[in-house]
2 protein chains.
Amino acid sequence: MIEDVKNAVGDTCAIAVRFCADGGLARNNTIRDGGVPQVEEQKEMLSILAELPDLWDLNVSDYSFEMGSSRFVKEASLENYVSYVKSITSKPVVSVGRFTSPDTMVAQVKSGIVDLIGAARPSIADPFLPNKINEGREDEIRECIGCNICFAHDNRGAPIRCTQNPTMGEEWRRDWHPEKIGPKKSDDEILIVGAGPAGMEAAVSLGKRGYHVYLAEATRELGGRVSKESKLPTLSEWNRVYEYRFIQLEKLDNVEVYRESKSTVDDILEMGLPHVVFATGASWRKDGFGLLNTQPILPQISNNRIFTPDDIMNGHYPTGRALIFDDDHYYMGSVIAEKLIEQGCQVDFVSTFSNVAAWTRHTVEQERIQARLINLGVNIIPSRNLKAFEGNRVTLECVYTGSEEEMQVDGLVMITARVPNDDLYYELESQADALSAAGIKSLARIGDCLAPGLIASAVFSGHKFAREFDEPDQGDVPFKRERNVLGL
Amino acid sequence: MIEDVKNAVGDTCAIAVRFCADGGLARNNTIRDGGVPQVEEQKEMLSILAELPDLWDLNVSDYSFEMGSSRFVKEASLENYVSYVKSITSKPVVSVGRFTSPDTMVAQVKSGIVDLIGAARPSIADPFLPNKINEGREDEIRECIGCNICFAHDNRGAPIRCTQNPTMGEEWRRDWHPEKIGPKKSDDEILIVGAGPAGMEAAVSLGKRGYHVYLAEATRELGGRVSKESKLPTLSEWNRVYEYRFIQLEKLDNVEVYRESKSTVDDILEMGLPHVVFATGASWRKDGFGLLNTQPILPQISNNRIFTPDDIMNGHYPTGRALIFDDDHYYMGSVIAEKLIEQGCQVDFVSTFSNVAAWTRHTVEQERIQARLINLGVNIIPSRNLKAFEGNRVTLECVYTGSEEEMQVDGLVMITARVPNDDLYYELESQADALSAAGIKSLARIGDCLAPGLIASAVFSGHKFAREFDEPDQGDVPFKRERNVLGL
């Protein structure tokens, strides 16, 4: 087939062939061998075909490894499975491997593993990655965090988003260039309250437009939920969302950062800046409202054995036997479980779905997360809802039959949903006269403070605010789709 | 809002309002109340709005009830939840309720439950349903079997298919009219081997075109897998696939049906009909090849404790403790489990997925199936693969971690995949000289004998063969999509 294609195209274009190099070796060994050729057969096949294509494009058979998230697969992890190929062929070889660091990329080429670096996700996070390496601007690279939110959107048939790059998918629709942003349209100064992912992104992007920005953060540490969550087990690479923006902030003289500056209504009125943006984040609920439970389960919360992820991230842990109730189904339950195991707890993991972290099937992580928790000794109790928690007695209910069972636990960690931290916004918003007297022209909310969601959504929200500030209202912009017209 | 809309449209069109009548009462009571208004609030709301719309369109809050499959929800089952509405409003009222029988529809209107019958699925199965009732042609109605394959396709973003109506979705693309089919193009006679859903549909449709057809069935009973499966618990309404086609066959003098006529190579050569169509179905595998296991697990099958759904449907049951291994994930595992409970077995249900009958989430049946099995006392063992079966010792493997456990069972029922019954076809196909001498011009396969699949796929395959027989080859016909162009 390769020969036929080469004959058909002649010298009008090069022919690349994708080749699964590992023969099943790199598969998660908990997943049954799928009948793929074994590695010795693969090597034999490659020897026969070695010089036919113009380029060998290598991958491995386990997509959750090839497309692995940073939680489970480290940079250049395909190396052991693809490195033999260059000893068999003289043709150039490309492979992927969740490459994000220029140093790793260069090392792979220099050591003769591959000739070309394949990097789809890093190019989504930063389409100008090669240029920035070439021009020595490594500190401007938005380095992929390996969260797989891009793949999750694609997998769900939704327009692709990126946690690091809020312009992803908006280049054509909204005319957002990944590297360029329009100049300021006024000399109005802006106060941003809260330096989490939304606040930092808004500050950087407004700063690049030339606005004078005051970024006030209540705590000593910038980064908000990103800084906190990236300290949880397996999430360390997510801190790049903070790091990239911190480095950019440092370069912007027109953005003033104030740490340990908790803003009150009086502070904000006293400052009297014409525009105030609330990026004050969200807090995890204790009452049980979540995916399945659209009403609170535990409306009267007076039980000091109830914890939230915020408590855990702030160093306030249960002891003894802790039950995690997950009606959220993304990553948080699993990283909290691992954190509590580290803290010496005995952990029960109750999910309202039949498996752990069900939504992470979209990020190709579900099987790896569940395997990890089982191997850590977490006791998984699927398909149960939480009905009550009194004293240290938890009542669980089978989601299928309604049958109930009781357990004794020392602590209950509620992972269900979050509520915006918007009290300050509403308090100010209700004081029209005071705002007017202070010269405050607009109040806005961005990120989790407006609508709790993905970190990607918070970054997007902050970026969108910065792009649209002082600009004519575009209203809702419809998605554009290319329409392929097939010749008849 | 209703008033505003009425003011805006004036008398140019009527305004229908959809109203959830049950206030949560009709929800599967195993599913936690979703915070919807309770029925008394609903009645109060309706009283206020009663005369505003021109039509009330009633539904209930539990979609798995409103869109219930015939396995779990019977005809007119919304009656108790919507019947109060007509006592509150003088406006016409429509509601759905899986109506399939004209008698039930008329009774609902006559008894004042509703004024109009909503029937989406029955109209998919037979778009000419109202005309056929009006013209007294009830015996020509393709009555919906309530399998929800239509909804499953829609839910998965695929073109809608219907088990009863193979022209569904092909009206525009292939120009297939649900009631009209082109006349025959030759006087060639056709032998169809096998009177399952594909064979019967092909015989009826070729018969309607005017061809002389011989339909040879090995057993006494027509209907193939449909007749057998519809005798399993909860599947009785599926037998309409057979009943509709049997009634049509009876009307066609040019279709000759031969029961208890198992065809051999010699029989077929001796008959010497110019066209032979094999609709010989498929058989369930015993070796374990399935969704997760793409290689046989039990290649050396010499254990007489291993059963398949075919064994069960033929009355050959395990006794004592039976383990169902489901690597198929559609309905078969659950109905076999129920059948074995009826037979007095103690049943373990092992699935390679984390819940039972996972694919039935697309037919809105998953939660109901799992609840039913738990309530029947079936012991559900999720997320395990089958590794070995020796003597009466089953070895199971955790799909996440690979850890193994053993169980003692008296019988093992393998529900994994099917293989075509195509030996006869291949035996004939290899005898070119004999075929030629016998005057046989073509051999073809349809339905499960060609590719084991849904009953809907078998009916489609039989219909497609009949439509395309003696016609110029159209090749693959691309799907057509309407393109909505929005005004700017």
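Letters go in sequence order (proteins before strands), and every chain restarts at 1. If you're wondering where the values come from, they're calculated on a predicted model, not measured in any experiment.
Within 6.0 Å of the CD atom in A:Q474, the count of heavy atoms belonging to other residues, nucleotides or ligands does not exceed 12. B:E44 CD: 12 or fewer foreign heavy atoms inside a 6.0 Å radius. Under a cut-off of 6.0 angstrom, the local environment of CD in A:E390 is sparse, with at most 12 non-hydrogen atoms contributed by other residues, nucleotides or ligands.
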Exercise. Would A:C398 and B:I374 count as a side-chain contact (heavy atoms from CB on, under 4.5 Å) if you check the C-alpha gap in whole Å, the side-chain angles of each, and the deciding distance to 0.1 Å?
Worked result: CA-CA 10 Å; A:C398 171; B:I374 296 171; 4.1 Å; yes
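Interatomic distance, CD of A:Q366 versus OG of B:S354, reported as 6.5 Å (0.5 Å rounding). Atom OH of B:Y400 and atom CG of A:L373 lie 10.5 Å apart (nearest 0.5 Å).
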